Amino acid sequence: MDKTYNPRAIEQHWYRIWDERGYFAPRPARPGAGSFCIMIPPPNVTGSLHMGHAFQDTLMDTLVRYHRMRGDATLWQAGSDHAGIATQMVVERQLAGEGSDRVSLGRERFVERVWQWKAESGNAISGQLRRLGASLDWSRERFTMDEGLSRAVREVFVRLHEEGLVYRGKRLVNWDPVLKTAISDLEVVSEEERGHLWHLRYPLADADGEPSGEYLVVATTRPETMLGDTAVAVHPEDERYRHLIGRRVCLPLTGRLIPVIGDDYVDPEFGTGCLKITPGHDFNDYAVGQRHSLPLINVFTPDARIGDRAPEPYRGLDRFDARERIVEDLRAQGLLEAVTDHTLMVPRGDRTGEILEPYLTDQWFVRVKPLAGPAIEAVERGDIRFVPGNWARTYFEWMRNIEDWCISRQIWWGHRIPAWYDPDGNVHVGRSEAEARRRGGLTDDVPLEQDHDVLDTWFSSALWPFSTLGWPEDTQALRTFYPTSVLVTGFDIIFFWVARMIMMGLKFTGEVPFRDVYIHGLVRDSDGQKMSKSKGNVLDPIDLIDGIDLESLVAKRTRGLMQPQMARSIEKATRRHFPHGIPAFGTDALRFTFAALASTGRDIRFDLNRVEGYRNFCNKLWNAARYVLMNTDGQDLGADAGERSLSQADRWILSRLSRTIDAVHEHIAAYRFDLMAHALYEFVWDEYCDWYLELSKATLHDDGADARARRGTRHTLLRVLDGILRLLHPLMPFITEEIWQRVAPLLGAGGDAPETICLQPCPEPGELARDDAAETEMQWVMEFVLGLRRIRGEMDIAPGRALPVVLQDADPRSRERVDSHRAYLDSLGRLESIRFLDAGETPPQAATALLGRMKILVPMAGLIDTSAELERLDRQMAKLEQNLGRTRRKLANDSFVQKAPAEVVDKERARLDSLSRSLDELRAQRERIAALD
RNA sequence: GGGUGCUUAGCUCAGCUGGGAGAGCAUCGCCCUUACAAGGCGAAUGUCGGGGGUUCGAAUCCCUCAGCACCCACCA
């Protein structure tokens with residue numbers, strides 16, 4: 001083995017082998033095991049792997065590998081999402097680069113072009129997932145536009161339609177004037193922006209419809225929509241205006257007469273208390289219009305220009321140009337009373353960032369309320385559990401106030417709506433044109449035209465947990481893996497995806513789609529900022545794995561910016577943050593970092609120092625393995641090599657491993673990946689490496705040691721290492737496989753699947769015995785060694801210098817221990833000699849450490865500086881005194897002694913006892929040394 | 001306008017049902033000791049956001065204030 005761990009040399013090699021040999025395909029469950037399934041949240045075909053994916057996929061892979069090792073029939077379903085709008089935009093941008101566009105290409109050729117793009121450059125992410133070590137079953141990879149999944153989509157649409165849960169209707173919807181499509185409420189992101197409130201004068205008309213000379217003042221943030229006003233509303237109780245209800249105003253610029261109505265939607269406190277009503281371009285006004293049977297005038301074209309229903313001078317103007325023009329015209333007519341600053345919520349499309357328009361169109365909707373009921377109950381009943389649990393509140397909140405879902409999109413890339421129109425405009429829904437025709441009782445000669453719209457991408461995503469398993473067929477996969485075990489996802493798509501999967505799953509399979517929903521936080525940069533291309537602070541997980549030089553990183557971050565003027569500041573920040581670029585940390589270190597940072601529910605700040613620390617951990621493990629192999633390879637190991645006996649240290653580390661096994665299982669069951677990672681980190685570094693490997697040297701380097709003991713220690717070194725590798729494998733698949741390949745033959749391990757650690761059984765609780773006696777003994781050894789080390793460290797005595805040690809007040813038990821653990825003490829403490837002080841013998845001038853009642857003395861002659869030792873003792877005594885004071889006060893408190901549980905009081909008394917004894921010892925020791933001076 | 005989360009060492013964060021605050025990184029000493037300098041050994045570090053309450057006892061439970069972040073919502 002190389003002296004230094006080199007991830008590059010091992011990672012890609014192993015993934016290829018795993019993949020080729022089909023280890024990731026589900027196998028039959030081992031006896032007593034069950035099944036386990038995770039559906040990957042299908043990444044967009046347009047996407048590439050970002051830190052959020054890497055984080056999420058690491059957690060999923062950890063769960064999947066763990067269950068696979070435990071013998072469950074395990075499936076991690078691979079696939080990707082056609083991502084309608086996102087993908088269409090990518091290809092359209094490409095066309096634009098070629099001086100073309102989709103309209104001139106035509107629908108059919110455009111869709112072909114998207115498929116072609118998908119074949120050539122889609123799915124970059126699956127290669128990146130492989131780099132991450134993700135053990136997805138690629139043989140079952142699905143795409144949401146595959147024939148099978150498309151069939152499921154049609155099936156669901158038709159069945160929902162049959163039940164009246166899908167309907168077509170003319171409604172105001174959120175309209176993106178750039179994409180020229182409707183989008184759902186969820187795709188609207190409203191943000192506060194600074195704008196104005198225009199106060200417009202609307203002249204009141206007299207009974208004959210002539211100007212009366214009076215006027216009302218309405219306040220609006222969108223003056224251009226006034227062309228579509230069909231009423232002015234006031235609050236019916238508003239003393240200022242109630243007498244005007246029923247009169248008419250003459251709508252400026254149009255000459256139309258519109259009524260003044262009373263509606264308590266109007267807030268008399270806001271603006272002027274008079275509200276212009278534009279049912280065609282505002283959701284609230286639409287509702288008011290419905291209540292008062294107002295006409296509805298659509299003044300916009302689909303790309304948000306002024307259309308034909310507006311007065312001639314404004315036609316063809318963009319909405320914002322029209323705004324300026326209208327305001328100017330009103331001003332010229334003396335109808336602009338005031339313009340004030342106003343911050344308002346502006347709705348924008350999440351894809352285009354464009355300001356959306358409420359727009360009246362024919363769309364398809366899902367009637368959600370009937371589906372939401374059972375979905376709420378499933379979570380209430382606990383059939384589905386959110387982790388952490390408080391996300392259930394968010395879910396309930398949304399589900400209880402849910403509105404119908406607009407599912408039609410006026411784009412070309414997606415599942416085309418399975419509805420056909422006959423020449424009379426009647427709609428016929430069916431799984432195919434033939435079925436639609438049959439159902440409509442239409443003969444073959446009636447021409448039918450399929451609906452032009454496609455479905456919202458999330459419609460097919462909602463079916464993902466069962467459509468990927470073959471639904472509507474009753475497949476073996478469906479029976480084995482549905483309901484799936486856990487969904488791992490971010491909180492940002494609870495509404496988009498999680499809720500809809502639950503509704504559709506329950507509706508069409510009668511069962512929940514998953515048992516647990518693990519919601520993780522957002523990966524932010526080290527300053528807590530959201531990572532985004534425009535901020536120039538994104539990290540590419542692959543760059544953390546392979547490393548990247550500074551210039552390439554700068555180039556990558558400043559290329560293709562929406563706002564090129566940001567390039568300079570991004571470059572500066574990048575050079576400051578990564579003066580030497582990013583070193584190659586390897587996949588395992590990156591994965592371990594994600595796991596260690598995955599404490600529940602909170603966002604994580606991604607800090608390169610953490611990755612470096614865990615890369616070092618990999619190196620530590622690597623070198624521990626080197627040590628073990630150096631000391632075991634070629635040695636007599638097998639059961640036939642001779643008897644083995646276990647030392648105290650061997651028993652101790654096995655007992656500690658047993659505790660670690662329990663902890664790992666417990667933490668992973670609770671989705672505490674961070675605690676799992678920490679438990680393993682501590683066991684490997686602090687116990688196995690820092691203590692056990694050192695203890696083993698006492699046995700292995702001692703030529704006089706018993707052969708059985710040496711065999712026992714060699715075997716334990718291997719056995720514990722093997723356990724560590726298996727426990728770590730779900731987190732760090734590559735390094736563990738690489739090392740395990742060398743360790744397993746020495747142990748004769750491998751069982752049914754000798755060729756890979758991926759299929760080895762996971763160490764199970766109870767597999768190893770606890771050994772409390774050994775733990776107590778080794779605790780004593782460690783305290784002995786630590787006492788010496790402290791003296792050595794604080795006295796600046798070189799670690800290599802062997803120390804003579806004198807023991808005072810050693811009881812028989814301690815003498816026994818010194819005797820039986822002598823080899824450990826000599827080796828770890830670097831002792832030159834040990835001598836017991838006889839009763840009554842004067843102790844030498846020495847530095848002191850206490851171990852129970854026994855004093856460990858390191859004679860000062862030539863080694864120790866008197867004043868330094870006095871200082872050291874003073875520091876220790878001060879600390880003891882502080883603790884003693886607190887303990888005394890506590891015990892002096894009657895109500896504590898009376899009311900606290902006896903065991904707590906006893907503990908406090910014992911503490912008082914031992915603290916005061918220790919203090920006495922140190923005080924006496926200090927006096928002796930001081931006297932010498 | 002509703003709702004959620006966060007505030008613990010210089011930094012990033014653990015701390016489960018209340019019983020002497022921990023880790024990693026950074027810092028400071030001593031060491032290239034035969035697995036590892038991507039290392040070893042040792043040291044230092046905290047009014048657990050402020051205030052109040054419950055309790056023998058609060059980082060932990062309750063109330064309140066402050067700051068930060070996020071989500072939802074139709075006030076022009």
Side-chain angles (χ1 to χ4, degrees), chain A residues 1 3-5 190 197 218-222 225 233 265-267 269-278 282-287 342 344-345 358 388 390-391 393-394 397-398 401 491-492 494-495 521-522 524 526 528 583 585 589 596-597 599 601-610 612-631 666 670 672 674-675 678 681-682 686 689-690 693-694 697 701 785-786 789-801 830 875 883 886-887 890 893-901 903-905 907-908 911:
Chain A
M1 282 173 88
K3 189 170 171 182
T4 302
Y5 157 69
S190 294
L197 204 52
V218 298
T220 179
T221 55
R222 302 209 50 200
T225 64
Y265 163 69
V266 180
D267 176 2
E269 306 294 316
F270 189 91
T272 60
C274 295
L275 175 61
K276 68 192 241 351
I277 301 297
T278 322
D282 184 282
F283 290 102
N284 293 310
D285 293 5
Y286 182 80
H342 181 66
L344 67 162
M345 294 296 276
N390 45 295
W391 287 109
R393 291 182 64 120
T394 307
E397 177 69 17
W398 189 68
N401 299 297
F491 57 85
D492 48 332
I494 291 180
F495 306 145
L522 197 70
R524 297 171 174 276
S526 57
F585 294 116
L597 292 175
S599 45
R602 78 148 83 185
D603 289 353
I604 63 177
R605 290 194 188 201
F606 197 86
D607 188 349
L608 281 194
N609 291 327
R610 286 297 279 268
E612 187 182 348
Y614 294 124
R615 191 270 320 261
N616 295 351
F617 176 63
C618 292
N619 191 50
K620 189 76 180 173
L621 178 65
W622 184 261
N623 278 291
R626 280 181 63 222
Y627 168 82
V628 172
L629 291 168
M630 274 177 204
N631 283 285
E666 191 182 303
R672 288 303 304 266
D674 56 332
L675 298 181
H678 286 135
Y681 183 97
E682 279 170 20
D686 300 343
C689 291
D690 284 351
L693 296 193
E694 296 307 317
K697 290 174 187 171
H701 294 178
V785 172
L786 286 170
R789 281 182 183 166
R790 207 166 295 132
I791 291 174
R792 208 190 271 278
E794 287 171 35
M795 295 297 148
D796 288 352
I797 301 171
R801 176 143 188 193
R830 289 267 156 153
R875 269 205 311 274
N883 285 338
R886 213 181 330 173
T887 308
K890 216 167 192 179
N893 180 350
D894 283 342
S895 53
F896 170 73
V897 178
Q898 280 159 24
K899 294 186 182 170
E903 58 191 75
V904 174
V905 178
K907 201 168 124 198
E908 218 55 39
R911 179 174 307 170

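Remember, predicted model here, so these are calculated numbers, not experimental data. In the text below, chain A, chain B and the rest are named by the order of the sequence lines, each starting its count at 1.
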Looking across every strand, which nucleic acid part, if any, lies under 4.0 Å from [X] by heavy atom: base, sugar-phosphate, or nothing?
| X | value |
| --- | --- |
| A:R615 | base |
| A:L786 | sugar-phosphate |
| A:T4 | base |
| A:K907 | sugar-phosphate |
| A:E794 | sugar-phosphate |
| A:M795 | nothing |
| A:E694 | base |
| A:D267 | base |
| A:Q898 | nothing |
| A:C689 | base |
| A:V266 | base |
| A:R222 | nothing |
| A:T394 | nothing |
| A:F270 | base |

Identified pairing partner of [N], criterion: Watson-Crick or G-U wobble below 3.5 Å:
| N | value |
| --- | --- |
| B:rA69 | B:rU4 |
| B:rG19 | B:rC56 |
| B:rA14 | none |
| B:rC74 | none |
| B:rA43 | B:rU27 |

Query - Test ring pair (Phe, Tyr, Trp, His ring centres under 6.0 Å) applied to A:F270 and A:H342, step by step - result: CA-CA 12 Å; A:F270 189 91; A:H342 181 66; 5.8 Å; yes
What is the distance, rounded to the nearest whole Å, between atom [atom1] of [X] and atom [atom2] of [N]?
| X | N | atom1 | atom2 | result |
| --- | --- | --- | --- | --- |
| A:D690 | B:rC36 | CG | P | 14 Å |
| A:F617 | B:rG40 | CZ | P | 12 Å |
| A:D796 | B:rG29 | CG | P | 10 Å |
| A:Y627 | B:rU33 | OH | C1' | 13 Å |
| A:D603 | B:rC6 | CG | C1' | 10 Å |
| A:W398 | B:rC72 | CH2 | P | 10 Å |
| A:I604 | B:rA14 | CD1 | P | 11 Å |
| A:D607 | B:rC25 | CG | C1' | 8 Å |

Tell me whether the OP1 or OP2 atom of [N] has a side-chain N or O from [X] closer than 4.0 Å.
| X | N | value |
| --- | --- | --- |
| A:S599 | B:rC13 | no |
| A:R602 | B:rU7 | yes |
| A:K697 | B:rA35 | yes |
| A:R830 | B:rG40 | no |
| A:N616 | B:rG39 | yes |
| A:R605 | B:rU12 | yes |
| A:R790 | B:rG42 | no |

Report task. Go through the N and O atoms of the side chain of A:E269 and the base of B:rA76, and report whether any donor-acceptor pair is under 3.5 Å. Result -> no
Report task. May I ask you to verify whether the side chain of A:K3 and the base of B:rC36 hold a donor-acceptor pair under 3.5 Å? Result -> no
Minimum heavy-atom distance [X]-[Y], with the two atoms named:
| X | Y | result |
| --- | --- | --- |
| A:N619 | A:Y5 | OD1-N, 3.2 Å |
| A:N623 | A:K3 | OD1-O, 3.1 Å |
| A:G271 | A:A219 | CA-CB, 4.2 Å |
| A:V266 | A:G273 | CG1-O, 3.4 Å |

Rounded to whole angstrom, note down the [atom1] distance from [N] over to [M].
| N | M | atom1 | value |
| --- | --- | --- | --- |
| B:rU60 | B:rC48 | P | 10 Å |
| B:rC61 | B:rC16 | C1' | 15 Å |
| B:rU12 | B:rU7 | P | 12 Å |
| B:rG52 | B:rA14 | P | 28 Å |
| B:rU55 | B:rC62 | P | 16 Å |
| B:rC28 | B:rA44 | C1' | 7 Å |
| B:rC63 | B:rG24 | P | 36 Å |
| B:rA38 | B:rC25 | C1' | 14 Å |

Report task. Establish, yes or no, whether a centroid distance under 6.0 Å links the rings of A:F585 and A:Y614. Result -> no
Side chain of [X] only, heavy atoms from C-beta on: which candidate in [options] is closest?
| X | options | value |
| --- | --- | --- |
| A:R393 | B:rA76, B:rG40, B:rU4 | B:rU4 |
| A:P799 | B:rA14, B:rA35, B:rC31 | B:rC31 |
| A:A900 | B:rC56, B:rG5, B:rG24 | B:rC56 |
| A:R789 | B:rA38, B:rG42, B:rC36 | B:rG42 |
| A:L675 | B:rA38, B:rC36, B:rA14 | B:rA14 |

Query raised in the report: Would you say the side-chain atoms of A:R801 pair up with the backbone N or O of A:R830, donor to acceptor, closer than 3.5 Å?
Result: no
Query - Side-chain donor-acceptor pair present, A:R393, A:N390, cut-off under 3.5 Å - result: no
Query raised in the report: Considering heavy-atom distances to RNA chain B, does A:Y265 or A:Y614 have its closest nucleotide positioned more toward the 5' end?
Result: A:Y614
Query raised in the report: Between A:N883 and A:R875, who's closer to the 5' end of RNA chain B by nearest nucleotide?
Result: A:N883
**Report entry** Six-ring centre of A:Y627, A:K697 cation under 6.0 angstrom, axis tolerance 45°
**Finding:** yes
Query raised in the report: Taking 4.0 angstrom as the limit, do A:E794 and A:R875 come out as a salt bridge?
Result: yes
